[in-house]
Amino acid sequence: MSRKLRKKILGDSLIWVIIAAFVVIMLFPFVYILSTALKSDTDLATSVGRILPKAVQWENFTKAWQLLDFPKCFFNSFIVAIAVTALTIFLCSLAAYVFTRLEFKGRNIVFILYLSTMMIPITVRLIPSYNLCRNLNMLDTYMGMILPQVAWSIPFGTFLMRQFYMGIPKQLDEAAKIDGASHFQIFWKILLPNTKSSMTTLGIYTFISAWNNLIWMLLSVRSESKWTVTLGISSICGASVIKQPTWNLIMGVIVIGMIPVLILFFAFQKYFMQSVAATGIK
């Protein structure tokens with residue numbers, strides 16, 4: 001075996017070892033949550049240092065389901081996450097069209113100022129967002145739960161969509177203008193159909209962020225009827241809870257709350273990988 005071939009094999013093996021290590025690190029929290037949810041109360045108390053349960057307790061998920069009103073929580077979470085995702089994709093696509101297809105003075109400066117809002121920490125945005133929703137009587141409403149999250153998602157979403165729009169040749173726009181197409185027709189019939197993968201990527205990211213949002217839900221939601229999944233989970237565990245369930249049931253609640261997000265990711269995984277590949281090519 002030649003020296004060059006040995007170096008290649010050693011290099012490839014090292015890369016695969018690093019990839020495997022990252023996979024283990026990323027999957028370990030999910031494995032730990034699932035294994036804890038499947039442990040019995042006795043196993044939970046005696047399995048210190050052991051990850052896998054001695055005997056799988058599937059009935060823990062039935063007990064976990066009864067701890068929360070999951071149909072109501074899922075409904076509220078879906079309403080908020082879907083609305084935030086749809087509005088973010090539409091508004092970011094329009095903004096990206098403006099920054100890539102329309103020529104106006106100071107466009108790049110405006111875009112830089114636009115992106116600079118991403119550097120403002122979320123904790124700093126909470127107080128003005130809360131005061132604005134309170135003054136507009138939007139606290140404890142779906143509008144108050146949705147619109148601030150849309151505003152926070154727009155800068156990053158616009159940046160992502162702009163990068164994909166820049167990869168679409170402007171000759172397509174010019175040909176459509178010759179045929180009498182308006183700006184909206186160019187946006188709707190040319191750019192959007194060619195950016196399905198990028199919209200899917202933005203949609204997955206936005207949906208997961210909105211689904212997992214807790215801090216804004218704690219501020220904007222007051223009535224139990226508006227509880228999302230994250231609020232429901234926080235209501236059964238934490239320092240303020242008087243009687244906290246056992247950890248296997250808490251982990252079971254978390255696993256149930258993760259199921260819609262996992263289904264979404266695997267359902268649109270193809271488009272997500274296409275956008276990553278396209279970004280790498282550019």
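- Residue pairs that meet the salt bridge (charged side-chain N to carboxylate O under 4.0 Å, His left out) test with at least one member in residues 176-186, sequence neighbours left out, do not exist here.
- Taking the salt bridge (Lys or Arg N to Asp or Glu O under 4.0 Å) definition, one finds that D12 meets it with K8, sequence neighbours left out.
- The structure places CD of Q185 at 12.5 Å from CH2 of W188, a figure rounded to the nearest 0.5 Å.
- Heavy atoms only, all atoms of each residue included: T141 and K226 are closest at CA-CE, 4.4 Å.
- Looking at every heavy atom in both residues, A176 comes nearest to I190 through CB-CD1, 3.5 Å.
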Q.
V221 vs T228, test: side-chain contact (heavy atoms from CB on, under 4.5 Å). Steps then yes/no.
A. CA-CA 9 Å; V221 178; T228 58; 5.8 Å; no

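- Pairing each heavy atom of P193 with each of K196, the nearest pair is O-CG, 3.7 Å.
- Between N76 and Y142, some side-chain heavy-atom pair lies under the 4.5 Å cut-off.
- In this structure, S234 and L214 have side chains that are in contact, with non-hydrogen atoms separated by less than 4.5 Å.
- Few gaps surround CG on L102; more than 12 heavy atoms of other groups in view lie less than 6.0 Å from it.
- Within 6.0 Å of atom CZ in F156, more than 12 heavy atoms from other residues, nucleotides or ligands are found, so the atom counts as buried in its surroundings.
- Applying the side chain to side chain donor-acceptor pair (under 3.5 Å) test to residues at least two apart or on different chains, none of the pairs has a partner in residues 62-71.
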Q.
Set out, in order, the CA-CA distance, both residues' side-chain angles and the distance that settles side-chain contact (heavy atoms from CB on, under 4.5 Å) for I254 and M251, then state yes or no.
A. CA-CA 5 Å; I254 294 174; M251 293 300 180; 4.1 Å; yes

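- Note on ring orientation: taking the six-membered ring where Trp is involved, the planes of F187 and Y97 are perpendicular (angle over 60°, cut-offs 30° and 60°).
- Applying the salt bridge (Lys or Arg N to Asp or Glu O under 4.0 Å) criterion to R162, with sequence neighbours excluded, gives no partner residue.
- Looking only at distances, a side-chain donor or acceptor of T195 sits under 3.5 Å from a matching main-chain atom of L192.
- A tilted orientation is assigned to the rings of F74 and F78, their planes being inclined by 30° to 60°.
- Applying the 6.0 Å contact sphere to CD1 of I109 captures no more than 12 heavy atoms from other residues, nucleotides or ligands.
- No single ILVMFWY cluster, assembled from side-chain heavy atoms under 4.5 Å apart, contains both L34 and I25.
- Counting only distance, with no hydrogens or angles, the side chain of D43 and the backbone of K39 share no donor-acceptor pair below 3.5 Å.
- Each side chain to side chain donor-acceptor pair (under 3.5 Å) pair with one or both residues in residues 27-38, not counting sequence neighbours, would appear here, but there are none.
- Between A96 and T100, the shortest heavy-atom distance links the atoms O-OG1, 2.7 Å.
- Side-chain atoms of S40 and T42 form no donor-acceptor pair, as typed in the model, at a separation below 3.5 Å.
- F22 and V17 are not part of a single hydrophobic cluster, where members link through side-chain heavy atoms under 4.5 Å apart.
- Taking the side chain as every heavy atom from C-beta outward, T230 and N213 never approach each other to under 4.5 Å.
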Q. Where do M138 and L132 land on the side-chain contact (heavy atoms from CB on, under 4.5 Å) test, with the steps shown first?
A. CA-CA 8 Å; M138 291 197 307; L132 183 62; 5.7 Å; no

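- Residue pairs meeting the salt bridge (charged side-chain N to carboxylate O under 4.0 Å, His left out) criterion with at least one partner in residues 130-140, sequence neighbours excluded, do not occur; the list is empty.
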Residues 144-155, side-chain donor-acceptor partners within the protein, below 3.5 Å, at least two apart:
residue : atom : partner : partner atom : Å
Q149    : NE2  : M145    : O            : 2.8
S153    : OG   : Q149    : O            : 2.8

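- For R107, the salt bridge (Lys or Arg N to Asp or Glu O under 4.0 Å) test picks out E103, with sequence neighbours left out.
- Within the structure, the side chain to side chain donor-acceptor pair (under 3.5 Å) test picks out the following pairs touching residues 248-260 (sequence neighbours left out): D41-N248, T246-N248.
- Note on I18 and I9: separate hydrophobic clusters, where clusters join Ile, Leu, Val, Met, Phe, Trp and Tyr whose side-chain heavy atoms are under 4.5 Å apart, directly or indirectly.
- To the nearest 0.5 Å, atom CG of residue L38 and atom CD1 of residue I33 are 12.0 Å apart.
- Taking CG of L68 as the reference point, atom CD1 of I233 lies at 7.0 Å (rounded to 0.5 Å).
- Sequence neighbours left out, the pairs with a member in residues 76-102 that pass salt bridge (charged side-chain N to carboxylate O under 4.0 Å, His left out) are R101-D173.
- To the nearest 0.5 Å, the span separating CG on L249 from CD on E59 amounts to 10.0 Å.
- Contact between V229 and S77 at its shortest, heavy atoms only, is N-OG, 2.9 Å.
- Atom OG of S198 and atom CD1 of I168 lie 7.5 Å apart (nearest 0.5 Å).
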Under 3.5 Å, side-chain donor or acceptor atoms of residues 111-123 against the rest of the protein: list the pairs with distances, not counting sequence neighbours.
residue : atom : partner : partner atom : Å
Y114    : OH   : T158    : OG1          : 3.2
S116    : OG   : L113    : O            : 2.5
T117    : OG1  : Y114    : O            : 2.7

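- The two residues A181 and I186 make their nearest non-hydrogen contact at CB-CG1, 4.1 Å.
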**Q.** Derivation and outcome, side-chain contact (heavy atoms from CB on, under 4.5 Å), residues L160 and C92
**A.** CA-CA 9 Å; L160 180 65; C92 291; over 6 Å; no

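- Between the side chains of N194 and Y165, no donor N or O sits under 3.5 Å from an acceptor N or O.
- Taking 4.5 Å as the limit, some side-chain heavy atom of I89 sits within range of a side-chain heavy atom of S93.
- The hydrophobic cluster containing M161 also contains F184, counting ILVMFWY residues as joined when their side-chain heavy atoms lie under 4.5 angstrom apart, directly or transitively.
- Within the structure, ring-ring contact (aromatic ring centres under 6.0 Å, His included) pairs that include any residue of residues 243-264 do not occur (at least two apart or interchain).
- Annotation: Y130 is not in aromatic contact with W216 [ring centroid separation under 6.0 Å not met].
- Neither I259 nor I82 shares a network with the other; the hydrophobic side chains, linked directly or stepwise wherever heavy atoms of I, L, V, M, F, W or Y lie under 4.5 Å apart, form separate groups for each.
- Considering only heavy atoms from C-beta on, F207 stays 4.5 Å or farther from V84 through its side chain.
- Atom-to-atom distance recorded for F99:CZ and L94:CG is 12.0 Å, nearest 0.5 angstrom.
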